[in-house]
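What follows is a short report on a single structure.
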Amino acid sequence: MAFIVLNCYNIPQRRNRCVYTTPPVCCSICSDAKLKDPFSLAQKDLQNLYEEIKKQLLVSKAELKVLCDYYFDGKGKAFRPMIVILMARACNVHSNKEGVLLPAQRSIAMISEMIHTASLVHDDVIDDSDTRRGKNTINKVWGERKAILAGDFILSAASMALARIGNNTVVSVLSQVIEDLVRGEFMQLGSKENENERFKHYLEKTFKKTASLIANSCKAVSILVNSDPEVHEIAYQYGRNVGIAFQLVDDILDFTSCANLLGKPSAADLKLGLATGPVLFACQQFPELHAMIMRRFSSDGDVDRAWQYVLKSDGVEQTNYLAQHYCQEAIRQISRLRPSTERDALIQLTELVLRRDK
């Protein structure tokens, strides 16, 4: 089946089912036996990350502190701070700063995790989710009102930490993330009748809800060390493309991974009425899905039927191909920086994003 092109995203057509070929730069990097794992490489800089976050959340009311600390238990992947740290060091090497991490850059890594966690707390309220990261959600344990207040407080603490950096441009860049998160959530509440508009809507929503935080955090750390707008754009585009790919894989895992691995129920998106990449691609083969998408899988049996259509189609395969496309673009962008261990780790990270199973 041919891959439908969305011209506004410059996505290439897929004319056959051949195995995706990774760009040469990635092949040479990934074959290097001395290449360090991205998570291991950033581990030293991320030590005590959650303890430092908890210090930002100091409050006199004991219950509020327990709520705010709930997800900062050190069991998260710290995926976003890790990318920010590696991007900061890669940009520092590129800018002849010997890769030394600036305190403000580390603060941005911390802030990125705080913003992300606050958004998870609010998402769980909106979605009425029961589990997150393998345990009960805050709204399940303490109720919706307290969960909303906890998310608000984490976000306010992140904003105060951001203000203390003292760079107006960085403040402006990361403030865009908050706007994108809200706009993305509103976009998720709606759907589009036209098929091409629907996919464009899906990718834009994916950027705003997931990739904007990574893209703008990467841009922010580059601004702190380099005044060249071209370097800022490289950092931004790497984060944007990796972020979108990460979410596309997440959408795939909703159909291919068991609940124990994900830490949340499978088919969760369908149950929430959301048509993600695998469903949108499956709709090209099974037009019956169109009506289900428009009514957000609300009729009896819709979720099960949609699930079966996706499994019968090549929707998962096509979504994976799309994720590979975004990773290829991320590699192209980051390869424009001067070679460094951290730059190479960011290239390798694209492979880890595609291969992850949770």
Side-chain angles (χ1 to χ4, degrees), residues 1-4 6 11 14 17 20 120 123-137 139-140 184-185 187-206 209-210 244-326 353-358:
M1 175 183 174
F3 186 83
I4 284 190
L6 295 173
I11 298 170
R14 185 183 186 190
R17 294 174 182 257
Y20 175 82
L120 295 183
D123 280 354
D124 288 341
V125 173
I126 293 170
D127 299 338
D128 194 26
S129 299
D130 291 336
T131 57
R132 166 75 64 181
R133 295 176 177 172
K135 62 182 182 179
N136 289 332
T137 57
N139 50 289
K140 177 72 172 178
E185 196 61 54
M187 290 182 72
Q188 186 162 282
L189 297 175
S191 186
K192 295 290 183 180
E193 182 78 23
N194 179 273
E195 188 171 307
N196 278 344
E197 285 185 8
R198 185 186 294 153
F199 219 117
K200 180 181 177 181
H201 181 90
Y202 164 66
L203 290 176
E204 186 177 351
K205 181 265 296 182
T206 296
K209 278 182 61 68
T210 302
I244 292 175
F246 183 91
Q247 185 58 51
L248 289 171
V249 172
D250 204 60
D251 294 343
I252 290 171
L253 291 176
D254 200 45
F255 290 93
T256 62
S257 185
C258 67
N260 288 338
L261 278 177
L262 287 176
K264 59 183 180 181
S266 57
D269 292 331
L270 285 176
K271 293 170 185 175
L272 290 171
L274 304 180
T276 56
V279 178
L280 297 179
F281 280 121
C283 190
Q284 297 168 13
Q285 291 174 268
F286 299 99
E288 300 91 334
L289 278 166
H290 176 77
M292 297 185 201
I293 291 171
M294 294 310 299
R295 62 177 178 257
R296 300 178 69 86
F297 312 105
S298 58
S299 296
D300 289 343
D302 275 359
V303 170
D304 290 336
R305 283 194 296 272
W307 176 276
Q308 290 302 322
Y309 282 135
V310 169
L311 296 185
K312 291 176 183 177
S313 74
D314 61 359
V316 167
E317 183 185 8
Q318 294 280 31
T319 306
N320 184 58
Y321 175 75
L322 183 57
Q324 290 172 2
H325 163 78
Y326 280 106
V353 166
L354 292 173
R355 293 200 307 263
R356 72 189 185 95
D357 59 5
K358 62 179 179 179

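All heavy atoms count here, side chains included; hydrogens, waters and symmetry mates do not.
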Practice prompt. Report yes if the side chains of Gln247 and Ile244 come closer than 4.5 Å at any heavy-atom pair, otherwise no.
Written response: no

Worksheet entry | Quiz item: cation-pi between Arg356 and Phe246, 6.0 Å / 45° | yes

Discussion item. Among residues at least two apart in sequence or on other chains, which ones pass side-chain contact (heavy atoms from CB on, under 4.5 Å) with Lys140?
Written reply: Asp130, Asn136, Thr137

Worksheet entry | Sequence-distant partners of Arg295, salt bridge (Lys or Arg N to Asp or Glu O under 4.0 Å), two or more places apart | Asp302

Fill in: Partner residues of Asp251 under the salt bridge (Lys or Arg N to Asp or Glu O under 4.0 Å) criterion, sequence neighbours left out
none

Item to complete: Kindly give the heavy-atom pair with the smallest separation between Met187 and Lys205, and that separation in Å.
Response: CE-N, 3.8 Å

Discussion item. Any non-hydrogen side-chain atom of Asp250 less than 4.5 Å from a side-chain atom of Thr276?
Written reply: no

Fill in: Donor-acceptor pair, side chain of Tyr202 and main chain of Gly277, under 3.5 angstrom
yes

Worksheet item: Any side-chain heavy atom of Phe281 sitting closer than 4.5 Å to one from Ser313?
Response: no

Worksheet, complete the sentence: salt bridge (Lys or Arg N to Asp or Glu O under 4.0 Å) filter on Glu185, not counting sequence neighbours, yields Lys209

Item to complete: Could you pull out all residues at least two apart from Phe297 that satisfy ring pair (Phe, Tyr, Trp, His ring centres under 6.0 Å)?
Response: none

Worksheet item: Just wondering, do Val279 and Asp269 contact through their side chains at under 4.5 Å, heavy atoms?
Response: no

Worksheet item: Which residues satisfy the side-chain contact (heavy atoms from CB on, under 4.5 Å) test with Arg296, sequence neighbours excluded?
Response: Leu274

Worksheet item: Ignoring hydrogens and geometry, is there a side-chain-to-backbone donor-acceptor pair from Asn139 to Asp128 under 3.5 Å?
Response: no

Practice prompt. Mind checking side-chain contact (heavy atoms from CB on, under 4.5 Å) for Gln308 and listing every partner two or more places apart, or none if nothing turns up?
Written response: none

